[in-house]
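Values in this document were obtained by computation on a predicted structure and should not be read as measured data. Every chain is numbered from 1, with letters handed out A, B, ... down the list of sequences.
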Amino acid sequence: MANSILEMRGITKTFPGVKALQDVNLTVERGQVHAICGENGAGKSTLMKVLSGVYPNGTYEGDIVFEDKPVAFRDIRDSEHAGIVIIHQELALSPYLSIAENIFLGNEIASNGFIDWDKTNLEAAKLLARVGLRDNPITPVREIGVGKQQLVEIAKALSKEVKLLILDEPTAALNDEDSAHLLDLIRHLKEQGITSIIISHKLNEIKAIADKVTIIRDGRTIETLDLDRDEISEDRIIKGMVGRDLEHRYPDRTPKIGEEVLRIEDWTVHHPTEPGRVVIHNAHLNVRAGEVVGIAGLMGAGRTELAMSIFGRAYGSNISGRAYLRGKEVKLRSVSEAIKNGLAYATEDRKRYGLNLIEDIKRNVSAAALGKLAKRGWVDGDREYLVAEDFRKSMNIKAPTVDAYTGKLSGGNQQKVVLSKWMYSDPDVLILDEPTRGIDVGAKYEIYTIINRLAAEGKAIIVISSELPELLGICDRIYALSEGHVTGEVPIAEATPEVLMQYMTKEKEPDHGVA
Amino acid sequence: MASLSETLGFLTSRLRQIGIFIALFVIVILFQVLTNGRLLTAGNVANIIVQNSYILILAIGMVMVIIAGHIDLSVGSVAAFVGALSGVMVVNWGWPWWVGILVSLVIGALVGAWQGFWIAIVGIPAFIVTLAGMLIFRGLTQIVLENRQITPFPAEYRQLGGGYLFPQLFPATTSVAEWITVGLGLLALVFFVSQQVRARVNRVKLGLEGEPAAWFWTKVGFTAALILGLTYLLGVAPGSRGTPVVLVVLAVLVIVYTAVMNRSVFGRHIYAIGGNRNAADLSGIKSRKVDFYLFVNMGVLAALAGLVFTGRLNSAGPGAGNLFELDAIAAAFIGGAAVQGGIGTVTGAITGGLIMGVLNNGMSLLGVSTDYQQFIKGMVLLLAVAFDVFNKRRAGGR
């Protein structure tokens, strides 16, 4: 015990309606690399935000003991002062400032209010050497790659005399070489006595560098495994991550599967602003009428990117591959073409991409198919009201009238508005991206029922979800995606969380026929 | 009558929309009292309409641009530029007045297409494009005019800005002019009331009326009284000169654009884009196309404003239209348009423009100097938007 640098005891964090963390305990030994594992939404990031003061003391229950002293951080500055530095998945560097400026941002080396540039750059160069970077400190950050930017973040942490370094998915955006370099650096820092917490779902990496791994599931600590002492297999970790009892219930359904509706072949998508970066590699999938097909994948696997690139190229650049609707090749060059051809995509981020929150229910419902309500460019407002009213009743949207603003609805009801919008566009293929994210259990059941009803009507449905039990509960077939590759296709009869998690964490398969 | 609390609830939910009309009403009464009745005389009311007509025309286009989340700083320069070109065509080249006006409107559309190209297709923010446009078209105005005024314009051309209905046929002193105004007023009244009632009856029949009856009849009664009052002041009251041509133009624009914004696919797409551009794009709305046509439309309206202004002054000058853009923007915001886009109405913008116009006119009647006028107008704009922000925060909006 005396050798622990950090102890978090009984941490409980509640958001309105959701218990994000429940009685979580975490002990980190001094000078070790401690990994935290769990599914998306298990509560890993929330726990780290509690630790680093993003959620200030008083907004959570439980105690934090750091270096044998109880601490109560009010903000990030507080925790950084104590020597805890968190490096987020999305890097927080200012692209137009130099490396040195970024390292000392908010912590400038100055006398009488004037920055001592020589000293700044000199100190920056020393810190860069510690993280193995040989770039000139006056280089603007936007001119170095993501891998090097990650190292600059670590150099910045070192400048603050870090004792405990927290890395949130540090290698998610890095290629293999940069990842290897970063892992080396973490090992190197460990030798210098710096303790690290690393959040990752790349199990091979965890096995390679971590001393201990704590598994979090549904906001609770499940177990802490000692990787040094025991022989722990990746399967063992996966079991801990997914081994929950299936307490949610899913409505019954007898699938009536018909002809193939949509097929994608050799689908390759590049990043929209970094043309060199391939986000989806030669993906393939198909979905038949009346079938519910799932797409499983961890954060950053490219699920949303795949879906949106199919939906009229709403994501990505330089998209290649073929799309077939009912066996006929189609080119869906824009969202409106995709909609005309019977596709619909309900986004994972309702508030940013799904709804006009300052507009009422009826105008959101009609947004994707206003043409159906219009004659020669003029909308029939009365019919629109009636159509929306029908959906309000049939979808059980809890609002007094369809004049209610969608911004004031609960997550579940907002999702029903989004679904109504796409049902009114009368698609053949519905892509539902995280259809139950941020929705309470009761509303989830209603959403599943709606999905089943749509499938029974003969729609082809693709569901993207981070929750494996959900996919297992409602799908007929599940594709697994890992790092932009379709790594597996599993019929529901053979699908278990363990099988899916294996595919989802699989390193990329060698591309066929490419040397 | 179980509906008193319902009505009150409805009123608070529309506080902003109603508030702006009440504000105009209060300001009118205030100045009517302060000026000892000089505000609401036949001559002065006609003046307020004519003096502010070009700002109101610009405000219609501006509020649409603002709803879509853009801004247009160039409208004053564009109005001046088109006014100058119309002068060249009609005065210098001696083209028929109607050809000049039609070509001018087409030029306005082309100017709008030019700006729409940079905004919608190239993707440069409207603020920058129209700031550049403000300089470009001001410069072109001066080049076209060689820094001289063009004057005088033919009488027909001037009708648009400063004329009254049918002066050649029926001199304003005759009772026929009076009857034309009264007839138009009654026609407008019948049109408005029947249209409102028909729409309501239809909604009630379909079981989807959300508006309390008391509120509906208050609204209709109030507007009817307004139309009748205006008819009296313009046609019957002592010193009346009949209906300004530009009032007819404005009335048509308000009716058409209110319908466009409420009922047309184009208008609804504008709201959708302004409310959440990402969601609109993912709903298959071609937001760039909408942006483009918005600026084409703004160009045409700016051209019309330029023609009205030039006609009223009977001269096209290099400094014409200076700061019109700011008055039009202020009108839209006072009228309840949201800075982030997605919210706003044509009638709101017109009311906002009238509030500014009545303030200007009333203060001038009281002999308040222009420096104070500027100050007060600035405060009104600030407070109107502050009221919005406060309202939204209280309602727990975003």
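Of the atoms belonging to A/Ser366, it is side-chain heavy atoms, and not backbone ones, that fall under 4.5 Å from chain B. Heavy atoms of B/Ala259 lying under 4.5 Å from chain A belong to its backbone as well as its side chain. Of the atoms belonging to B/Leu282, heavy atoms from both backbone and side chain fall under 4.5 Å from chain A.
Between chain B and the residues A/Trp422, A/Phe311, A/Trp378, the largest count of heavy-atom pairs under 4.5 Å involves A/Trp378. Among A/Val379, A/Asp382, A/Leu386, the residue with the largest count of heavy-atom pairs under 4.5 Å with chain B is A/Val379. Most heavy-atom pairs under 4.5 Å with chain B, from the set A/Ala344, A/Ala367, A/Ala374, A/Ala314: that is A/Ala367.
Around atom OH of A/Tyr405, no more than 12 heavy atoms belonging to other residues, nucleotides or ligands sit under 6.0 Å away. Under a cut-off of 6.0 angstrom, the local environment of CZ in A/Arg352 is sparse, with at most 12 non-hydrogen atoms contributed by other residues, nucleotides or ligands.
Listed here is the closest heavy atom pair of B/Ala279 and A/Lys421: O-NZ, 4.3 Å. Here the closest heavy-atom approach between residue B/Asn278 and residue A/Tyr353 is recorded as CB-CD2, 3.2 Å. Residues B/Asn262 and A/Arg363 share a closest heavy-atom pair of O-NH2, 3.7 Å. Counting all heavy atoms, side chain and backbone alike, B/Gly284 lies closest to A/Ser336 at O-CB, 3.4 Å.
Between the CD1 atom of A/Ile339 and the OG atom of B/Ser283 there is a distance of 6.5 Å, given to the nearest 0.5 Å.
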Discussion item. For B/Lys286 and A/Val335: C-alpha separation, side-chain torsions, deciding distance, then whether side-chain contact (heavy atoms from CB on, under 4.5 Å) applies.
Written reply: CA-CA 9 Å; B/Lys286 292 175 178 138; A/Val335 172; over 6 Å; no

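Side-chain contact between B/Asn276 and A/Lys351 is absent, with no heavy atoms from C-beta onward closer than 4.5 Å. Side chains of A/Ile358 and B/Ile343 form a contact here, defined as non-hydrogen atoms less than 4.5 Å apart.
Using a cutoff of 4.0 Å between basic side-chain nitrogens and carboxylate oxygens, B/Arg268 and A/Glu384 are scored as salt-bridged.
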